[in-house]
Peer 1: 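After the structure tokens below, expect a handful of questions from me.
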Amino acid sequence: MNKVKIIADSCSSLTPSELKMLDVDFVQMSFVVNGEAYNAFDNDFDNSQEFYKMLEKTEKCSTSCVNTQTYLEKFSEYVNNGYDVVYIGLSGGMSSSINNAKLVAAELNKQNGEHVWVVDSLTGSFGIAMLINKAVELRNNQKSAKQIFEELEKIKYKKLPIFVPGDLQFLMRSGRINRFIASIGSLLKISPILSADEQGVLKMVEKCLGYKKAIRSLQNMILSKADLDTAETIYIGHTGKEAEAKEFAEFLKGVTKNKEIKIGYIDYTMGCSCGPNTLAIFVSLKN
């Protein structure tokens, strides 16, 4: 059996040092803020707090997908050195990157035999991190790349991302919601609760009048999930809502039996899509 290399994109909200500790390689997404281009990890920002404070004053930002040449170079590096590759990427419902990865994988597998498996995570941010952690566990237990791929394909539907965006205009600019909904929502001070469907496309699951009501509704959604997988870590991601994230973690500690709850900043590329002052919860379901 070949050695297995797990590769992810930078939208997992794990830092380069965290990915290195897991022995996971990565490809970088990029983003543009006020006309200046940055790579996800190679940029001039000192910390996430600085970045999201800056983003609050930003009028124009966009994101770019990973091109086929980058995937070709990264996958070939490992295949040519005797590895099988499992790639875990941002939902195809949110980015065309995963389609580029699949095109490259198909061509390499045609030339060399089956060595590259691509997992469309159907999610983003810490939802991807959940799948990475499972892939690492399976790799460390000597599972093959194909076995890892097949297991991730089963469990990815059990990862539930739910979030409350801080500014609908960012979702509109990134094409996640249309201009009319963003304009009306901002005017009426509506705070929507969003999730991803089975195709990984963002959908609105509830509209609330105001942020505080949205958080209460988010709490009620968690309480209603009788099939929470308490063996899995719950992640709380945010783009400048650290105090609120800690408060939500305390709520979760009181109502769930999950042993571990982690809080972290959402990565910059995902942050450019959802905007500053977003709060997101990532849980695992049993069924």
Peer 1: Is it the case that more than 12 heavy atoms not belonging to E50 sit under 6.0 Å from its CD atom?
Peer 2: yes

Peer 1: Where does the angle between the aromatic ring planes of F51 and F31 fall among parallel (under 30°), tilted (30 to 60°) and perpendicular (over 60°)?
Peer 2: perpendicular

Peer 1: How close do L152 and A135 get, heavy atom to heavy atom, and via which atoms?
Peer 2: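 Closest approach of L152 to A135: CD1-CB, 4.0 Å.
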
Peer 1: Quick one: do L218 and V164 satisfy side-chain contact (heavy atoms from CB on, under 4.5 Å)? Show the steps, please.
Peer 2: CA-CA 8 Å; L218 192 56; V164 180; 4.1 Å; yes

Peer 1: Distance check, rounded to the nearest 0.5 Å: Q199 atom CD versus D120 atom CG?
Peer 2: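 Between Q199 CD and D120 CG, I get 10.0 Å after rounding to 0.5 Å.
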
Peer 1: Do T15 and S17 pair up side chain to side chain, a donor and an acceptor below 3.5 Å, judged on atom types alone?
Peer 2: yes

Peer 1: One pair to check against side-chain hydrogen bond (donor to acceptor under 3.5 Å, both in side chains): N100 and S97. What are the steps and the verdict?
Peer 2: CA-CA 5 Å; N100 290 341; S97 285; 5.4 Å; no

Peer 1: S125 and side-chain hydrogen bond (donor to acceptor under 3.5 Å, both in side chains): which partner among S273, S12, S13?
Peer 2: S13

Peer 1: Where do T63 and C272 come nearest, in terms of heavy atoms and distance?
Peer 2: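 Of all heavy-atom pairs spanning T63 and C272, the closest is CG2-CB, 3.8 Å.
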
Peer 1: What's the verdict on salt bridge (charged side-chain N to carboxylate O under 4.0 Å, His left out) for K74 and D25, showing C-alpha distance, side-chain angles and the deciding distance?
Peer 2: CA-CA 9 Å; K74 182 63 69 173; D25 204 347; 3.2 Å; yes

Peer 1: I7 and I128: same hydrophobic cluster, using ILVMFWY side-chain contacts below 4.5 Å?
Peer 2: yes

Peer 1: Should L138 and N141 count as side-chain neighbours, where that means a heavy-atom distance under 4.5 Å?
Peer 2: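 Of all side-chain heavy-atom pairs linking N141 with L138, none is under 4.5 Å.
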
Peer 1: Counting only heavy atoms not in M54, do more than 12 fall under 6.0 Å of its CE?
Peer 2: yes

Peer 1: Hey, are the side chains of L108 and L72 touching, using non-hydrogen atoms and a 4.5 Å cut-off?
Peer 2: yes

Peer 1: Considering non-hydrogen atoms only, spot the tightest contact between A249 and I261 and give its length.
Peer 2: O-CD1, 3.9 Å

Peer 1: Does some side-chain heavy atom of E198 sit less than 4.5 Å from a side-chain heavy atom of L122?
Peer 2: no

Peer 1: Do S217 and N220 have a side chain donor and acceptor closer than 3.5 Å?
Peer 2: no

Peer 1: Quick one: ring-ring contact (aromatic ring centres under 6.0 Å, His included) pairs with a partner in residues 82-107, sequence neighbours left out?
Peer 2: Y71-Y87, F75-Y87, Y78-Y83

Peer 1: I need the single residue from N43, T269, D42 that forms a side-chain hydrogen bond (donor to acceptor under 3.5 Å, both in side chains) with Q28. Which is it?
Peer 2: D42

Peer 1: Grab the two heavy atoms, one from A8 and one from V24, that are nearest each other, plus how far apart they are.
Peer 2: N-CG1, 4.2 Å

Peer 1: Using the side-chain contact (heavy atoms from CB on, under 4.5 Å) rule, take I222 and I281 through it: C-alpha gap first, then chi angles, then the decisive distance, then the call.
Peer 2: CA-CA 9 Å; I222 298 296; I281 314 300; 4.2 Å; yes

Peer 1: When you look at N81 and K5, which way does the side-chain contact (heavy atoms from CB on, under 4.5 Å) test go after all the steps?
Peer 2: CA-CA 11 Å; N81 283 285; K5 191 64 186 183; over 6 Å; no

Peer 1: Closest approach of G240 and H238, non-hydrogen atoms and distance?
Peer 2: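 Between these two residues, the closest heavy atoms are N-ND1, 3.1 Å.
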
Peer 1: With no hydrogens and no angle check, is any side-chain donor or acceptor of S191 less than 3.5 Å from a backbone partner on C208?
Peer 2: no

Peer 1: For a side-chain contact (heavy atoms from CB on, under 4.5 Å) check, start with the C-alpha distance between I215 and K212, then their side-chain angles and the critical distance, and finish with the verdict.
Peer 2: CA-CA 5 Å; I215 295 301; K212 290 184 178 179; 5.8 Å; no

Peer 1: List for me each residue that meets ring pair (Phe, Tyr, Trp, His ring centres under 6.0 Å) alongside Y52, sequence neighbours excluded, and say none if there are none.
Peer 2: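 Listed in chain order: nothing, the list is empty.
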
Peer 1: Do any N or O atoms from the side chain of D9 and from the backbone of L90 form a donor-acceptor pair under 3.5 angstrom?
Peer 2: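 Here the side-chain-to-backbone pair exists.
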
Peer 1: Any idea how Y268 and F45 line up, ring-wise: parallel (<30°), tilted (30 to 60°), or perpendicular (>60°)?
Peer 2: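 Y268 and F45: perpendicular rings.
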
Peer 1: Test Q147 against E151 for side-chain hydrogen bond (donor to acceptor under 3.5 Å, both in side chains), laying out the working first.
Peer 2: CA-CA 6 Å; Q147 289 172 317; E151 180 63 19; over 6 Å; no

Peer 1: Heavy atoms, side chains only, cut-off 4.5 Å: are F41 and D267 in contact?
Peer 2: no

Peer 1: May I ask you to say whether K134 pairs ionically with E137, meaning some side-chain N is under 4.0 Å from a carboxylate O?
Peer 2: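 A salt bridge links K134 with E137.
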
Peer 1: Identify whether V283 and F126 are in the same connected component of the hydrophobic contact network (ILVMFWY, side-chain heavy atoms under 4.5 Å).
Peer 2: no

Peer 1: Quick one: pull up CG in D227 and NZ in K158 and give me the separation to the nearest 0.5 Å.
Peer 2: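 Reported to 0.5 Å precision, the distance equals 10.0 Å.
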
Peer 1: L223, V205: one ILVMFWY side-chain cluster at the under-4.5 Å cut-off?
Peer 2: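 Yes, L223 connects to V205 through the hydrophobic network.
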
Peer 1: Compare every heavy atom of S64 with every heavy atom of M29, then report the nearest pair and how far apart it is.
Peer 2: SD-O, 3.5 Å

Peer 1: Roughly how far apart are I266 CD1 and L279 CG, rounded to 0.5 Å?
Peer 2: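 CG of L279 is found 8.0 Å from CD1 of I266.
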
Peer 1: Using the rule that Ile, Leu, Val, Met, Phe, Trp and Tyr join whenever any side-chain heavy atoms are under 4.5 Å apart, tell me whether V118 and I155 fall into a single cluster.
Peer 2: yes

Peer 1: Do S121 side-chain atoms and G89 backbone N/O form a donor-acceptor pair below 3.5 Å?
Peer 2: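 Judged by distance alone, yes, a pair lies under 3.5 Å.
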
Peer 1: To the nearest 0.5 angstrom, please state how far the CD1 atom of I234 sits from the CZ atom of F282.
Peer 2: 12.0 Å

Peer 1: Within the 4.5 Å heavy-atom criterion, are R216 and K213 side-chain neighbours or not?
Peer 2: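 They are in side-chain contact.
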
Peer 1: So do T123 and S91 actually touch side chain to side chain, heavy atoms under 4.5 Å?
Peer 2: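 Of all side-chain heavy-atom pairs linking T123 with S91, none is under 4.5 Å.
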
Peer 1: Sub-3.5 Å donor-acceptor pair from the side chain of N109 to the main-chain atoms of H115, do we have one?
Peer 2: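 It does hold such a pair.
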
Peer 1: So, does N258 use its side chain to make a donor-acceptor pair with the main chain of D229 at under 3.5 Å?
Peer 2: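 Pair found, side chain donor or acceptor close to backbone of D229.
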
Peer 1: Got a second to check how far N140's CG is from L22's CG, nearest 0.5 Å?
Peer 2: 9.0 Å

Peer 1: Quick one, P165 and L194 - any side-chain contact, counting heavy atoms below 4.5 Å?
Peer 2: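 A side-chain contact under 4.5 Å exists here.
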
Peer 1: Taking side chain as C-beta onward, heavy atoms only, is Y211 less than 4.5 Å from K241?
Peer 2: yes

Peer 1: First locate atom NZ of K143, then atom CD of E150, and finally report the distance between them rounded to the nearest 0.5 Å.
Peer 2: 11.0 Å

Peer 1: Without swapping roles, check the side chain of T239 against the backbone of T278 for a donor-acceptor pair under 3.5 Å.
Peer 2: yes

Peer 1: Check for me, please, whether Y38 and F26 land in the same ILVMFWY cluster - side-chain distances under 4.5 Å, paths through other members count.
Peer 2: yes

